[in-house]
Amino acid sequence: NAGVTQTPKFQVLKTGQSMTLQCAQDMNHEYMSWYRQDPGMGLRLIHYSVGAGITDQGEVPNGYNVSRSTTEDFPLRLLSAAPSQTSVYFCASSRDTTYEQYFGPGTRLTVT
Amino acid sequence: GQQVMQIPQYQHVQEGEDFTTYCNSSTTLSNIQWYKQRPGGHPVFLIQLVKSGEVKKQKRLTFQFGEAKKNSSLHITATQTTDVGTYFCAGDSGNTPLVFGKGTRLSVIA
């Protein structure tokens with residue numbers, strides 16, 4: 001099993017550009033989520049999904065879109081990148097919130 | 001909404017000293033999880049506590065869940081340089097997404 005994979009590992013964007021961060025898992029987990037990690041702020045939930053076709057907003061959803069067309073994939077779209085979105089982004093999956101979360105290796109994003 | 005507070009934010013210890021991080025929730029939790037993130041890495045699950053007053057041990061690590069299920073602690077006995085990293089607690093109140101604390105960054109001086 002590859003677990004949770006994320007691409008790309010690093011990305012530099014200019015303000016206003018859009019892009020999609022990819023996340024995939026091969027553990028047949030229903031629950032998937034996106035977090036951003038900023039210094040001193042811990043892990044903040046952006047969006048999450050409890051199954052294919054179902055998504056919901058987390059703590060900091062503004063500027064991000066998600067979709068869940070399959071159980072395996074949960075891409076995160078930045079609509080118009082802003083410097084405030086410079087962060088490390090982690091995708092995670094689990095059976096549900098009462099089980100351990102498996103995190104991907106992260107994407108380090110810089111917006112200039 | 002639910003908040004999870006974690007203290008201290010940073011802790012520097014000499015190798016061999018003990019270390020404790022504390023986690024407090026604004027609401028009663030159905031379970032609490034602990035994660036470790038090494039520098040430059042991703043969070044890795046350590047343990048889950050579910051029962052009121054539960055205590056679990058993993059070698060030199062001791063995890064406790066409070067009687068009221070609103071607080072938890074992680075204690076490391078005789079720290080080693082391999083313990084370096086950030087420790088996060090995360091709790092959920094039942095059918096809600098996990099809420100993570102801001103973490104405690106542990107530095108160990110050899």
Side-chain angles (χ1 to χ4, degrees), chain A residues 2-7 9-10 21 23 25 27 29-51 54-61 64 66 68 74 87-109, chain B residues 1-11 21-51 54 56 58 63 65 69 85-106:
Chain A
V4 180
T5 58
Q6 289 184 240
T7 56
K9 284 189 168 56
F10 301 94
L21 307 185
C23 174
Q25 53 91 9
M27 296 174 281
H29 285 164
E30 291 294 329
Y31 184 81
M32 295 186 74
S33 52
W34 277 101
Y35 296 89
R36 60 177 289 173
Q37 185 173 37
D38 304 293
M41 298 298 291
L43 293 158
R44 291 186 293 171
L45 183 64
I46 304 171
H47 285 284
Y48 65 99
S49 169
V50 298
I54 306 168
T55 64
D56 208 344
Q57 296 181 349
E59 179 187 355
V60 287
Y64 308 95
V66 292
R68 184 98 179 268
F74 191 43
S87 188
V88 180
Y89 291 84
F90 289 104
C91 177
S93 77
S94 69
R95 290 171 64 179
D96 65 40
T97 60
T98 61
Y99 290 85
E100 64 179 282
Q101 306 268 314
Y102 293 82
F103 282 82
T107 294
R108 188 173 297 272
L109 175 69
Chain B
Q2 179 191 345
Q3 291 186 326
V4 174
M5 291 145 287
Q6 200 173 344
I7 57 169
Q9 191 173 0
Y10 303 96
Q11 186 79 55
T21 173
Y22 300 90
C23 188
N24 288 287
S25 170
S26 57
T27 60
T28 302
L29 301 171
S30 60
N31 77 88
I32 193 154
Q33 300 175 14
W34 285 91
Y35 292 78
K36 178 183 178 181
Q37 183 179 24
R38 294 182 189 276
H42 59 275
V44 174
F45 175 82
L46 292 176
I47 209 160
Q48 180 184 65
L49 304 172
V50 177
K51 298 177 185 174
E54 189 170 15
K56 286 188 177 181
Q58 288 180 349
F63 303 84
F65 201 8
K69 300 182 75 173
T86 301
Y87 293 85
F88 293 98
C89 62
D92 88 83
S93 302
N95 292 323
T96 58
L98 274 179
V99 176
F100 280 80
K102 293 185 178 180
T104 295
R105 184 185 296 180
L106 173 64

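Computed from a prediction, not measured in an experiment: that's the story for all the values here.
Environment of CZ in A/Arg44: crowded, with over 12 heavy atoms of neighbouring residues, nucleotides or ligands closer than 6.0 Å.
Heavy-atom pairs under 4.5 Å with chain A peak, among B/Gln37, B/Gln9, B/His42, at B/His42.
The one candidate from A/Val50, A/Asp56, A/Leu45 that meets the side-chain contact (heavy atoms from CB on, under 4.5 Å) condition with B/Pro97 is A/Leu45.
Between B/Phe100 and A/Gln37 there is no side-chain heavy-atom pair separated by less than 4.5 Å.
In terms of the ring pair (Phe, Tyr, Trp, His ring centres under 6.0 Å) criterion, B/Phe65 has no residue partners (sequence neighbours excluded). Applying the side-chain hydrogen bond (donor to acceptor under 3.5 Å, both in side chains) criterion to A/Gln101, with sequence neighbours excluded, gives A/Ser94. By the side-chain hydrogen bond (donor to acceptor under 3.5 Å, both in side chains) test, A/Thr98 is found to be paired with A/Asp96, residues two or more places apart in sequence or in another chain being considered.
Listed by sequence position, B/Pro43, B/Phe45, B/Gln48 are the residues of residues 43-51 of chain B in contact with chain A, using a 4.5 angstrom heavy-atom cutoff.
With rounding to the nearest 0.5 angstrom, the CG atom of B/Leu98 is 11.0 Å from the OH atom of A/Tyr48.
Interface remark: B/Gln6 contributes no atoms to any contact with chain A (heavy atom separation under 4.5 Å). Of the two parts of A/Tyr99, only the backbone, made up of N, CA, C and O, holds a non-hydrogen atom closer than 4.5 Å to a non-hydrogen atom of chain B. With a 4.5 angstrom heavy-atom cutoff, B/Tyr10 does not touch chain A via any of its atoms.
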